Each structure stands twice: as C-alpha cells, then as structure tokens.
Amino acid sequence: MALAGRAVLRWGARLPSPCPAAAPLCRPAWLPAACERRYSSRGKEKLDMSTYPVESIRNFSIIAHVDHGKSTLADRFLEITGTISKTDRNKQVLDKLQVERERGITVKAQSASLFYNHEGINYLLNLIDTPGHVDFSYEVSRSLSACQGVILVVDANEGIQAQTVANFYLAFEAQLSIIPVINKIDLKNADPERVEKQIEKLFDIPADECIRISAKQGTNVEKVLQKVIEKIPPPQCNTTDPLKALVFDSTFDHYRGVVANVALFGGEIAKGHKIVSAHTKKRYEVNEVGILTPDEQPTHKLYAGQVGYLIAGMKEVAEAQIGDTLFLYKQPVEPLPGFKSAKPMVFAGMYPIDQTEYNNLKSALERLTLNDSSVTVHRDSSLALGAGWRLGFLGLLHMDVFNQRLEQEYNMSVILTAPTVPYKAVLSSPKLIKEYGKDQITIINPAQFPDKLSVSEYLEPTVLGTIVTPHEYIGKIITLCQDRRAVQKDMLYIDENRVMLKYLFPLNEIVVDFYDALKSLSSGYASFDYEDAGYQSADLIKMDILLNGNPVEELATIIHNDKAHAAGKLLCERLKETIPRQLFEIAIQAAIGKKIIARETLKAYRKNVVAKCYGGDITRRMKLLKRQAEGKRLMRKIGNVEVPRDAFIRVLKRETDK
Amino acid sequence: APCPQWPYCRKRCSYCNFNAYVVPAVDEAAVRACLVREAQTLLRLSQVHSVTSIFFGGGTPSLASPSTVAAVLEAVAGAAHLPAGAEVTLEANPSSTSTSRLAGFRAAGVNRLSIGVQVRGALPAAAPAAPRDPIVTALPSQSLDDSELRMLGREHTAAEARKAVEAARGLFPGRTSIDLLFGLPGQSRDAWAQRLEVALGLCDDHISLYQLTLERGTVLAAQVRGGALPAPPQDLLADMYQTARAVLVAAGFRHYEVSNFARKGALSTHNLSYWRADQYIGVGPGAHGRFVPWGEGGHSREARVQTLEPVTWMREVQSQGHGTRSQAVLSPLEQLEELLTLGLRTDEGVTHRRWRHFSPQLSLQAVFGAPGEARALQQQGWLVLDSGGLRCTWAGLAVLDSLLPDLLWQLQRV
C-alpha cells in the first residue's frame with residue numbers, strides 16, 4: 001500500500017543519517033528526535049487519517065519479562081506491515097537509547113502506527129510500546145491506559161517469570177484483552193506445552209488460546225497480528241464527541257519544545273486548535289499533529305480512537321504530565337481517570353566526583369530529566385562530598401539506567417550514595433504539627449528525622465514482591481526473605497518444579513542488594529518483581545556514627561531497630577578500614593541516641609617514618625608528601641579526626657559488586 | 001660532596017630495589033674512565049671550590065678495585081680542593097672485604113667504611129618509594145643468623161660478616177659503620193633484643209638501623225604478599241624501633257637521625273650534608289645530585305639524575321662528558337620543602353641559620369610560630385620550636401611522616 005511504501009523509503013533514507021544507531025557516547029537523549037526532524041515529511045503531503053474510522057483501529061501493547069522477546073516481536077510487526085524495510089539490521093528498532101540496546105531493556109517507551117490489510121480492510125494498528133521492567137510499572141500502566149488489549153509474550157524455555165506475572169495483572173486489572181504468545185519455540189530447550197500449562201494455571205487462560213511463535217524467525221507472527229484484529233476490540237469512542245485526549249508519554253525536543261504522545265478518546269484535533277490541559281488549566285495552540293511510524297509523520301488531523309503526537313508550544317515536560325487530559329478551549333470534558341504522578345521509591349545522593357564539574361553535571365541532569373520526568377531532583381549538599389543533589393527514582397533499575405545514561409550520553413561520572421527510601425512519621429507534637437502544617441511528614445534525609453517523643457508512629461514504604469523460582473531454591477529464598485523482614489503472602493506451584501512466591505517487603509530491605517543476593521543463591525534462575533504496597537508501621541530509629549564522640553552528619557542513617565546492631569557494626573568496620581591511622585587513637589562508634597551499639601578502635605600511629613632517606617631520589621617522596629599535604633584541604637575534620645573524602649565515598653557508595 | 005656509584009653486584013638481595021646490576025663481567029677500566037670523566041665534568045659545572053666528603057655507594061662499590069677508587073679520588077682532588085681530613089666512605093659487602101682488600105682501599109684514600117652486614121648501605125640510588133602499609137621489619141643483627149641472611153638473599157654468612165667487621169675495625173678504627181635490619185618476616189621481639197645485644201658487642205661507633213621496607217617489585221615483597229612469609233604487625237615494628245633506640249642510647253650512642261646512631265662524635269659527615277640540604281653531586285649510573293650549576297650559567301639549585309642503565313650511561317659520558325638524564329630547577333618553595341622533610345629527620349632539626357640560608361625573608365618563627373598546624377603539633381608534644389630551630393621530640397621522630405603533610409600544608413599557605 002502506498003502509505004506504507006512511502007514510509008519504507010523514508011526509513012531507508014534515514015539510515016545513513018547523522019545519528020545512526022552507533023551514536024557517540026555523549027549523544028544527548030533528545031538528539032534522535034531532533035535528527036528525525038530533518039527527515040520528517042513536513043512540506044510533503046500530510047496523511048489523511050479520516051480514512052481510518054474507529055472500527056478499523058486497534059490499540060495494543062506487548063508486555064513481557066525482560067529478554068522474552070518483546071522488542072524482536074515489535075521489529076517483526078514493523079517489517080510485516082511495511083513500516084520498515086526487512087533487513088538483518090532491525091534489532092530493537094524501538095529501543096533507541098544505547099543503554100536499552102546494551103541491556104536489552106526498554107526504558108523509554110516508543111510507539112508506532114502500523115498499517116495492515118486484513119481480509120480486504122485497511123487497519124490502523126497502534127503498537128504502544130512499554131518499558132520492560134518493574135521499576136517502570138508506572139510507565140507500563142500509563143501505556144496500557146491508551147490500549148484495549150495486550151500481547152503477553154512468554155519465553156518457551158524460561159516460562160512465566162516474575163515480571164510476566166506483574167505485567168499480566170496490570171493488564172488484567174485494566175480489563176484489557178490478553179493474547180498469550182509463547183515465543184522462542186525455535187530454541188532447543190523450548191517447552192511450549194509446559195508454558196501453556198503455566199499460563200492456564202496462573203492466568204486462567206485456556207492453553208489452546210496460546211500462539212506459539214518464533215519472533216526471531218518470523219514463525220506465526222502474522223497470526224498474532226490477525227489475532228490482534230479479531231480479539232482486541234476497537235476503542236469505544238466517537239469523533240463527534242468533544243475532544244478528549246490522554247497524554248500517555250512525552251519527550252522534549254530542543255527546537256520544538258514538548259512532543260506529547262496522545263490517545264484520542266473522543267473528537268478530533270488539528271493544527272490551529274486551541275486546547276487546555278485539565279491538570280494545569282493552561283491554554284495552548286496546536287502547531288502540529290501526526291502519527292508515529294515510529295518517526296513522527298505529520299497528519300492533517302487525528303481522530304477519536306487514534307494514537308499520535310501533538311506539538312503545542314509546551315516548554316517543559318512538566319506541562320505535558322503523563323495521564324493528563326487535553327480538551328478544546330471552552331469545551332471542557334470530564335478528565336480521564338488514572339492520573340497520578342510518578343512516585344519516587346528510591347532516593348540517592350548524587351555528587352560530582354570533582355566539584356569543578358558541578359555546573360556540567362547540573363546541566364546534564366537538567367537535560368536528562370527533561371525526558372525523564374519521573375526523576376525528582378532536589379539540591380543537597382554534604383560536608384564531605386560538596387554540593388550535589390538528592391534524586392528520587394522509581395526503583396533501582398531506574399537509578400542504574402539514569403546513572404548509565406549520564407555516563408554514556410553526557411560523559412559524566414558521579415558519586416552515587418547508597419539508596420534510601422522515603423519514610424514517614426505521624427506527628428504527635430502540636431508544635432511540630434504547627435511547624436509543618438500537617439501531622440504526617442515524609443522523611444528523605446536522616447537529618448529531618450523527628451524524635452520518637454514527638455511522633456506517634458513511624459511508617460516505612462512496602463512493596464509486594466513476586467518471586468518465580470525453580471523449586472530447589474525455595475528454602476534458601478525463604479530464609480533470605482525472612483532475613484529481610486518480609487512476610488509471606490502467597491506460595492503457588494505454577495508447574496511441577498516452578499514456584500511463585502509472594503512476599504510483603506519493607507522497601508528498604510530490597511533496595512541495596514536483594515536482587516543480587518536472590519540471583520546468586522538461585523544461580524540466576526529466580527526472577528523478581530515488585531509493586532508498591534503502601535506504608536506500614538515500623539520501629540524506626542536514627543543511627544549516628546561518632547568519631548571520638550563527634551557525630552558524622554553524612555553517615556547518620558534511618559534504620560529498623562532490628563537491623564541497627566548489624567548495620568552499625570558493618571559501618572564501623574568499613575570506616576576503620578578506610579580512615580587512615582592518625583597520631584591519636586580514634587573510637588569509631590555507632591549510636592542510637594546516647595546508647596552505643598557498636599565500636600571499633602583505630603589505634604594511633606606509634607611509628608610512621610620512612611627508614612631510609614639519603615641523597616637518593618627524594619623527588620618521588622616529596623611528591624607523595626605534597627600530595628598528602630594538598631589532600632589536607634579535602635579532609636573533612638570531625639573534631640580533630642581527619643577523614644579523607646574517599647573514605648566517605650567508600651562507605652557511602654553503593655556497593656554494586658560485593 | 002660527590003657520591004660516586006658503583007652499580008654492580010654479584011647477587012641481588014631479595015629486598016633490594018636499588019639501581020643495581022648483576023653482570024658476568026665488568027669492563028672496569030671503561031667504568032673507571034667514565035666515573036673519572038663525569039666527576040670532572042660535574043665538579044667543573046658546580047664550580048665548588050672545596051669538597052667536604054665523598055661517598056662511594058652502589059651497587060657494591062667494594063667489588064671495584066682500589067685503583068678505581070683511587071682514580072676517582074684523584075680526579076676529585078684535581079678538579080676541586082680535597083682537604084686531607086675529608087671524609088671518604090666506601091660501602092662494603094662482607095664477602096668482598098678481606099683484610100688485604102680493605103687495606104688496598106685505605107691506601108687508595110678511603111677513611112671510613114660502611115659495612116652492609118645485612119643492608120646495602122646508605123646510598124640508595126633510586127629512592128625507596130615512601131613505605132606505606134607494607135612496612136615489614138625484622139631483625140637480624142650482627143651475629144646474623146644464617147637463615148635470616150638467606151631469606152634476605154645475602155651471599156655472605158654470619159661468620160663472614162663478623163670477620164669483615166673485625167677486619168674493618170682494625171683498619172678503620174672509630175670509622176666503621178654497620179647496618180642492622182629489623183622487622184624481618186617472622187622475627188620476634190625477643191630475638192631482636194638479643195640480636196641487638198650481639199651487635200653492640202661487635203660494632204664500632206656508628207650504627208645504621210633500618211626497618212626492613214618491602215619495596216614493590218622485590219622478591220621479598222612478593223613472598224610476603226603471596227603469604228609465603230608473614231608480614232610483621234605495626235605494633236611489633238614500633239616496639240622494635242623503640243627498644244633499639246633505648247638500648248643504643250643507653251650504650252652511649254647519639255640518635256642523630258631517624259635511622260642513624262653514633263658515639264664519640266662519629267657522625268657521618270656525608271650523610272649529614274643530605275639532611276642539612278647542602279650541595280651534593282651524584283656521579284655514576286642512577287646517581288642523584290642537588291647543586292647550582294654555576295658553570296653553565298645556572299643560579300638555582302637543581303635536582304639532577306644520571307642515566308640509570310650503566311651501558312647507556314657510559315656511552316653518554318664518553319660522548320658528552322656526563323650522563324645527566326634529567327635536571328629540574330627547584331623552586332624556593334620546593335627547596336624549603338626538602339629542607340623541612342630532610343632536616344626534621346635529625347636530632348638538631350632545621351636550625352634558624354639553615355632556614356635563613358634558603359629563606360632570607362621569612363623566618364622559621366614567622367612560618368611555624370603562628371597559630372596553625374605546627375603550633376598544634378607542638379602543643380601535642382610532637383615538635384619543638386625554640387632558639388635552636390624546629391625539630392621533632394623523641395616521640396615525634398618516630399611519627400615524622402604523619403607530621404610532615406601538616407607542616408608542608410602550612411608552609412604552602414604562607
């Protein structure tokens with residue numbers, strides 16, 4: 001078909017463009033969009049979308065555990081529908097970021113409109129991509145809100161994994177049609193029957209509804225597209241209704257401002273329309289509308305049921321809040337439900353390795369957060385690490401990915417402190433309630449931790465964790481979970497040798513190394529996913545670290561009473577290893593209030609003088625001494641104890657590989 | 001103060017990372033000619049009028065023939081004034097110090113002997129990197145135990161060492177120094193005390209006492225790192241050092257530098273000149289010097305290093321008269337930093353007079369008498385600043401390397 005043909009050519013022309021997939025390390029996140037602009041068909045004939053009535057539209061997502069083949073299946077769809085030409089190079093076409101390609105995960109969801117003729121009818125299939133990890137479940141759910149159905153992809157070899165379960169329930173709860181697909185049937189160890197039984201047992205979907213495919217080889221992929229048309233209902237909406245557009249994603253383009261991805265639940269939209277945001281009440285004039293193929297392809301209009309993008313002079317991504325509803329000026333509508341801001345679950349301090357890099361890091365952070373509005377940024381400073389920020393992330397992977405993008409796309413190396421979670425305190429002191437203007441506060445920084453006397457209850461965030469594992473590891477996993485203060489909620493054999501466990505975890509127990517521990521004790525076979533499960537009452541305390549009796553502000557920690565002793569001991573030991581011996585003895589203590597719970601003693605130097613120093617080369621020796629002298633400037637003095645900056649870094653830094 | 005280097009050894013000791021070479025045959029005539037030529041060139045360059053001391057270091061300079069030593073001394077005397085009483089020290093190895101050989105050296109003009117019963121002597125050609133963690137010490141002493149000597153890779157036996165010292169004392173009475181090592185892997189506190197006693201019975205009036213330093217790249221360091229030999233604990237090393245200090249001082253020795261003890265005024269003039277930041281000229285492969293090259297129009301003290309590798313060094317000397325590999329002008333601040341770092345190693349410390357020589361404008365009092373690190377260190381009992389100058393207390397000397405960064409930091413801010 002003609003339209004698709006044009007898209008093929010355009011895609012072909014884009015390949016040798018100045019921003020090929022192998023982009024330089026410091027490619028800014030927004031660059032692909034900016035580059036595509038050169039090749040967008042502005043000036044060319046715009047598409048007329050009125051030829052696709054609601055009945056011929058299908059809006060769907062593909063959901064899967066990481067590495068089960070979601071992106072490969074999307075690549076095949078793009079090829080089959082002629083959206084891109086069929087070459088060997090089509091790998092993770094929708095995953096544009098370097099970090100996505102390297103890790104095989106989707107961070108930033110991309111969407112694509114596919115044109116497909118089935119039984120003589122031209123269909124418009126909108127594939128709304130979703131990020132592939134638990135951390136992004138918020139993004140998954142917002143992508144799903146623009147869909148009527150999903151393709152649930154499960155690896156024929158690995159079977160149902162933790163994320164499969166989490167994603168299934170997101171789709172199920174959104175009452176979407178679900179098309180189960182068993183992928184990788186070409187693999188030697190593929191056991192599609194076993195996986196079908198798992199799906200039947202866990203999701204109550206009859207085995208015969210599963211489609212066995214190999215996305216890699218293209219086997220049965222077309223059958224999936226046909227099922228999409230047959231099984232997923234068209235969106236229920238009307239072009240004659242007033243405009244009602246859901247913002248389900250947004251990106252930032254340095255030349256054109258915010259590009260908002262929208263799904264129309266009613267009416268139509270075109271250039272020149274005046275629109276209002278239900279959330280901000282701000283008014284805009286639409287400059288451009290179009291569809292994503294997956295590049296931006298301007299159209300005359302977008303109609304109810306369709307999915308595309310719009311540009312309307314919004315200057316910041318915050319103006320195009322995910323979940324917001326747009327309507328025509330003076331024709332207000334009931335906003336669509338489900339609007340909620342992304343809620344950071346994990347916080348960490350970020351500091352430049354060298355303070356002279358502060359401004360560069362600041363601008364890199366600003367640019368990266370333009371495209372990732374789910375990261376919260378607060379300025380912070382530490383006596384030891386200097387000026388920096390306290391960042392809030394959706395989860396650990398989100399934090400990792402953000403850090404990796406800073407390194408890859410902005411060439412920035414940073415100090416990231418160990419992650420913490422947002423605690424809450426229910427205040428009982430009238431004075432504090434008055435001071436805060438509310439009786440419940442969120443504590444991000446241990447310095448704000450209110451004393452027990454003025455608090456009726458402390459609360460900690462929890463998550464409901466799903467673990468899927470071969471049964472031989474159950475014992476070890478249960479012990480691990482109990483160590484992490486988790487409470488078992490469910491345990492189910494999904495087949496003869498695979499078990500699904502559900503535990504309620506305090507979030508702080510999983511933020512640092514839970515995933516690594518789980519992977520290592522299960523030889524990599526157990527998978528894990530979690531979802532927000534609200535707050536629970538917790539016996540929290542603030543633990544101080546003292547050096548010769550003086551508290552070290554940056555090492556104060558909020559911690560569960562049961563864990564204080566072990567954590568305090570570990571911190572003291574680590575400090576003892578990293579603080580150099582000095583001319584006097586140093587007591588390193590962990591304390592709760594006035595009570596000392598752990599202590600290490602760093603003995604004084606009794607002898608520290610180089611044995612031989614004559615007329616030989618003292619140049620090297622002088623260099624070392626001068627470096628030590630200059631290092632004095634970077635020393636953080638706590639009382640009279642000198643603590644080098646790297647001691648803090650080593651103690652505070654997240655230990656990724658223990 | 002020229003310090004000619006003889007870079008060759010018969011065998012490399014397991015703890016040694018000096019610029020030393022073990023070769024099957026040395027063309028001594030050629031090396032001699034080059035040492036002579038370079039000494040002449042550099043003395044001319046420095047335009048020094050009078051030489052106060054000469055130190056033959058190595059390698060193992062006692063492996064060279066007395067005629068080589070004589071030739072170098074003649075060259076020095078020809079290029080500058082060499083007073084009759086000038087100290088001329090030779091580092092010697094017990095296995096190359098027969099009485100007749102020693103007599104030959106004495107006839108050539110050597111008047112002081114430093115015997116490395118365990119350690120090659122006082123002149124590291126390549127400075128040991130500042131020892132941080134892996135400072136290991138053990139203690140063999142004069143009565144040296146053969147197994148300890150074997151561990152150190154020395155080629156002589158304890159009996160040979162004893163004989164060598166006796167022979168040296170006979171020829172150089174009151175002017176024989178011995179080296180002792182403590183902190184050998186596995187050495188106990190008691191063993192060290194015993195060794196020390198034996199050493200006192202054998203020694204002359206000068207002892208250099210070194211904590212064994214595990215230098216990177218040496219066999220001994222690899223053995224300790226690999227776990228084949230134990231690393232002595234820090235507290236044990238401190239105890240051994242303090243024991244030795246006390247024992248030697250009780251025996252009438254003056255602890256005049258971190259690792260050096262002398263009685264009856266037998267201090268090493270040559271080594272004192274390093275610690276007082278006098279001028280010195282390094283001659284031979286890998287030798288270091290600090291002097292003002294007036295002869296080529298220089299006005300500032302320079303740090304110089306001669307080419308390390310003997311064959312290359314010889315080629316350079318033959319073609320241009322010297323084998324200076326690098327020369328760098330030392331800034332006034334750098335000169336003061338060196339003065340402080342070296343001077344505080346001695347019991348006299350940095351005197352006002354010496355400080356004034358390098359810093360005519362800003363007195364020692366002005367820099368370190370003001371509130372700051374130095375004053376705090378004085379109050380804590382590590383340092384003394386008085387009419388004599390700035391120096392370490394008895395306790396401060398043992399932890400000098402913890403004091404220096406503070407002092408240098410204070411100096412840099414002036």
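Every chain is numbered from 1, with letters handed out A, B, ... down the list of sequences. These values consider heavy atoms only, across backbone and side chains, with no hydrogens, waters or symmetry-generated copies. Just so it is clear, the model here is predicted, and its values are computed rather than measured.
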Check this for me: [X], atom [atom1], are more than 12 non-hydrogen atoms of other residues, nucleotides or ligands nearer than 6.0 Å?
{"X": "A:K476", "atom1": "NZ", "value": "no"}
{"X": "A:Y525", "atom1": "OH", "value": "no"}
{"X": "A:K519", "atom1": "NZ", "value": "yes"}
{"X": "A:K362", "atom1": "NZ", "value": "no"}

Does any non-hydrogen side-chain atom of [Y] lie less than 4.5 Å from one of [X]?
{"X": "A:I618", "Y": "B:R290", "answer": "yes"}
{"X": "B:V305", "Y": "A:T619", "answer": "no"}
{"X": "B:W275", "Y": "A:Y614", "answer": "yes"}
{"X": "B:R345", "Y": "A:V609", "answer": "yes"}
{"X": "A:L625", "Y": "B:P405", "answer": "yes"}
{"X": "A:R621", "Y": "B:L404", "answer": "yes"}
{"X": "A:N608", "Y": "B:L400", "answer": "no"}
{"X": "A:K607", "Y": "B:Q242", "answer": "no"}

Need one label for [X]: side chain, backbone, both or neither, based on atoms under 4.5 Å from any heavy atom in chain A.
{"X": "B:L209", "value": "neither"}
{"X": "B:S402", "value": "both"}
{"X": "B:L377", "value": "side chain"}
{"X": "B:E257", "value": "side chain"}
{"X": "B:N260", "value": "side chain"}

Problem - Salt-bridge contact A:K626-B:E334 (side-chain N to carboxylate O under 4.0 Å) - result: yes
Exercise for the section: Applying side chain to side chain donor-acceptor pair (under 3.5 Å), name anything that partners A:R390, two or more places apart in sequence or on another chain. Expected result: A:T420
Fill in the blank from the handout: Sorted by chain and number, sequence neighbours left out, side chain to side chain donor-acceptor pair (under 3.5 Å) with B:T52 holds for none
Problem - Heavy-atom pairs under 4.5 Å with chain B, option from A:M622, A:K603, A:R581 with the top count - result: A:M622
Practice task
May I have the step-by-step check of side chain to side chain contact (heavy atoms under 4.5 Å, CB included) for A:C613 and B:L342, ending in yes or no?
Solution key: CA-CA 8 Å; A:C613 196; B:L342 294 164; 3.6 Å; yes
Exercise for the section: Please test B:T213 against A:V610 for side chain to side chain contact (heavy atoms under 4.5 Å, CB included), starting from the C-alpha separation and ending with a verdict. Expected result: CA-CA 8 Å; B:T213 306; A:V610 68; 5.7 Å; no
Enumerate donor-acceptor pairs with a distance under 3.5 Å from any side-chain N or O in residues 585-597 of chain A to protein atoms, sequence neighbours excluded.
none

Practice task
Apply side chain to side chain contact (heavy atoms under 4.5 Å, CB included) to the pair B:D235 and A:R606, showing each step before the final yes or no.
Solution key: CA-CA 7 Å; B:D235 278 338; A:R606 288 180 51 215; 3.6 Å; yes
Handout entry: Contacting region of A:Q582 [heavy-atom separation from chain B under 4.5 Å]
Key = neither
Fill in the blank from the handout: Residues of residues 406-414 of chain B with a heavy atom under 4.5 Å from any heavy atom of chain A, in residue-number order, are B:D406, B:L408, B:W409, B:Q412
Handout entry: Whether B:S259 side chain and A:K612 backbone form a donor-acceptor pair below 3.5 Å
Key = no
